[in-house]
Amino acid sequence: MAPRLRSPTLETRTARLRLKVRRKPYFVSVAPGISLGYRRNLGPGSWLVRCADGKGSAWTKGFAIADDFEDASADGSVIDFWTAQTRAKELVRGKAADASKPITIDAALTDYAADLVARGGLVEPLQRVRKRLTPALLTRPVGLLTVRELRRWRDGQLASGLAAGASRGRARHSKPR
């Protein structure tokens, strides 16, 4: 069994209540690229998870209330430090049945393809786009995607000889002069 992470400032409710109330969470690393955060509020604090993508950015998500003023609950809405560690790792690694985990481009395209099939739409254009996306873009959470990344990808496609589909579509549907 792996040793449990110790954090004197976060592991007991007494220690957490001594922290200053602030917007910026207190973070402690629980695994490579995964940090558990605690945000001290006027009322009960909240647990957060921060996941680094290895490229300088990260996503953060709140997932439970800390057991500052009441004992941990069986339903998992109020949890202690030890349970928060485990839940943070599960959220990042995808082992938790949590539908609010940030969705990746790949998962969004899969869901969109299923929706197109259900409505009788064409899936082939979507499959062509998926084939052209880089593995880095496919694993990127949708919420962290930037316009700059999409433009860089598009410009790379145009530079490799791909015709601009949007201008072809406009030319086909434009009114004659």
key: Rounded distance [0.5 Å steps], CH2 in Trp153 versus CG in Leu150   = 8.0 Å
key: Phe69, CZ: over 12 other non-hydrogen atoms inside 6.0 angstrom   = yes
task = Validate the cation-pi geometry between Arg87 and Phe63: distance from NZ or CZ to the six-membered ring centre under 6.0 Å, angle to the ring axis within 45°.
result = no
request  = Report yes if some heavy atom in the side chain of Leu116 is under 4.5 Å from a heavy atom in the side chain of Glu124; otherwise report no.
outcome  = no
request  = Examine Trp59 and Phe27 and state if one hydrophobic cluster contains both, with Ile, Leu, Val, Met, Phe, Trp and Tyr joined whenever side-chain heavy atoms are less than 4.5 Å apart.
outcome  = no
ask   = If Ile, Leu, Val, Met, Phe, Trp and Tyr residues are connected whenever their side-chain heavy atoms lie under 4.5 Å apart, and connections chain through other members, are Ile65 and Phe81 in the same group?
value = no
query = Has the side chain of Glu70 got a donor or acceptor atom that lies under 3.5 Å from a matching backbone atom of Val78?
reply = no
inquiry  = Could you report the tightest heavy-atom contact between Pro8 and Ala15, atom names first, then the distance?
reply    = O-CB, 3.2 Å
note = One should read off an interatomic distance between Thr146 OG1 and Arg140 CZ, to the nearest 0.5 angstrom, of 6.5 Å
message = Using the ring pair (Phe, Tyr, Trp, His ring centres under 6.0 Å) criterion, which residues pair with Tyr38? Sequence neighbours excluded.
response = Trp47
message = Can you list everything that forms a salt bridge (Lys or Arg N to Asp or Glu O under 4.0 Å) with Asp106? Sequence neighbours excluded, please.
response = Arg130
Closest contact, heavy atoms only, Thr9 versus Leu19 = O-CD1, 3.8 Å
key: Minimal non-hydrogen separation, Val92 against Cys51, with atom names   = CG1-SG, 3.4 Å
message = Between Arg16 (side chain only) and Leu10 (backbone N and O only), is there a donor and an acceptor less than 3.5 Å apart?
response = yes
message = Strictly below 4.0 Å, N to O, side chains only: are Asp155 and Arg148 in salt-bridge contact?
response = no
inquiry  = Rounded at 0.5 Å granularity, tell me how far OH in Tyr26 sits from CG in Leu36.
reply    = 14.5 Å
key: Expected output: side-chain Arg22 to main-chain Arg40 donor-acceptor under 3.5 Å   = no
key: Asn41 side, atom CG; Arg23 side, atom CZ - distance, nearest 0.5 Å   = 10.0 Å
inquiry  = Rounded to the nearest 0.5 Å, what separates atom CD1 in Ile105 from atom CD in Glu149?
reply    = 8.5 Å
message = Hydrophobic cluster membership, with links at side-chain heavy-atom distances under 4.5 Å among I/L/V/M/F/W/Y: are Val123 and Leu109 in one?
response = yes
Greater than 12 external heavy atoms within 6.0 Å of Arg132's CZ = no
query = How close do Ala72 and Asp67 get, heavy atom to heavy atom, and via which atoms?
reply = N-CB, 4.1 Å
query = Given side chains that start at C-beta, do those of Trp82 and Glu11 come closer than 4.5 Å, heavy atoms only?
reply = yes
query = Do Ile34 and Leu91 come close enough that some side-chain heavy atom pair is under 4.5 Å?
reply = no
key: Pro44 versus Asp68, closest heavy-atom pair with distance   = C-OD2, 3.8 Å
request  = Locate the shortest heavy-atom distance separating Thr104 from Thr139; write the atom from each residue and the value.
outcome  = CG2-O, 3.5 Å
